[in-house]
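A short worksheet on the structure shown next.
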Amino acid sequence: MAIADDLKKTLTDPTPLYFAAGTADLAVQQAKKVPGLIEQLRAEAPARIEAVKNTDPKVVQEKAKEAAKEAQEAVTAKVAEVLGAIDPKKLGETAQDLALRGVGVAAEYAVRAKETYDKVAEHGEQAVRAWRGEVSEEIVDIAVAVEPAPEAAPAAEAGAEPEAEAAPKKAPARKSTAKKATAEA
């Protein structure tokens, strides 16, 4: 029975659908930014093209040579430093330490992925509610907390207008009667 219950729970869980809705909503939000970026690129393009046209190829080639030479020297020095610092006895310990660190990093990434998944699913749930025109639960909770309870009304007002309370109760009955009469006609 546990497998059937797990399968039923998996198939009825709306979280993946909310995740998909949240992803779609976030994609739409990002897509709305594209026209502005295109306009920005269109405005900056002439200046960038002009800068490329005015650049001397020999100067660029010299800078590239210098950067490659410096990188090669730095890599050679670093390799020599690392090879000189290797201790065969500590090599096994270092490998084990790196493996444990890798497991820890993987676990951390899994937790972060789950948190991000939950956030996007929550965003998707809110987006679906907005698409449906539903009021969020938080707003309802706030309204209930802010709205005074009927018992909290002052005794003077409650005792002074008992007819006013009876009138609203009777008013819906009249409206429903009017609807029935209209429906029959």
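Just so it is clear, the model here is predicted, and its values are computed rather than measured. Computed from heavy atoms alone, side chains included, the values below leave out hydrogens, waters and symmetry copies.
- Annotation: the span from Arg48 atom CZ to Leu41 atom CG amounts to 7.0 Å, rounded to 0.5 Å.
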Kindly determine whether Glu66 and Lys63 satisfy side-chain contact (heavy atoms from CB on, under 4.5 Å), including the steps that lead there. CA-CA 5 Å; Glu66 290 176 21; Lys63 286 183 181 180; 5.6 Å; no

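- With values rounded to the nearest 0.5 angstrom, Gln30 atom CD is found 7.5 Å from Leu26 atom CG.
- Under a hydrophobic clustering in which Ile, Leu, Val, Met, Phe, Trp and Tyr are joined whenever their side-chain heavy atoms come within less than 4.5 Å, directly or via other members, Phe19 and Leu17 fall into different clusters.
- Paired with Tyr18 under the rule side-chain contact (heavy atoms from CB on, under 4.5 Å), one option of Val128, Thr23, Asp13 passes, and it is Val128.
- Glu122 has its side chain out of reach of Lys119: every pair of non-hydrogen atoms, C-beta onward, lies at least 4.5 Å apart.
- Note that CZ of Arg101 is 9.0 Å distant from OG1 of Thr94, once rounded to the nearest 0.5 Å.
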Can you check side-chain contact (heavy atoms from CB on, under 4.5 Å) on Asp118 and Lys114, steps first, answer last? CA-CA 6 Å; Asp118 290 341; Lys114 174 67 173 145; 3.0 Å; yes

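- A salt bridge links Glu108 with Arg112: the closest approach of a Lys/Arg side-chain nitrogen to an acidic carboxylate oxygen falls below 4.0 angstrom.
- The structure places CG of Asp25 at 13.0 Å from CD of Glu125, a figure rounded to the nearest 0.5 Å.
- Between the CG atom in Leu37 and the CZ atom in Arg42 there is a gap of 12.5 Å [rounded to 0.5 Å].
- Side chains of Gln40 and Glu44: a donor-acceptor N/O pair is present below 3.5 angstrom, by distance only.
- No more than 12 heavy atoms of other residues, nucleotides or ligands sit less than 6.0 Å from atom CD of Gln72.
- For CG of Leu98, the number of neighbouring non-hydrogen atoms (other residues, nucleotides, ligands) closer than 6.0 Å is greater than 12.
- Ile49 has its side chain within reach of Lys53: a pair of non-hydrogen atoms, C-beta onward, lies under 4.5 Å apart.
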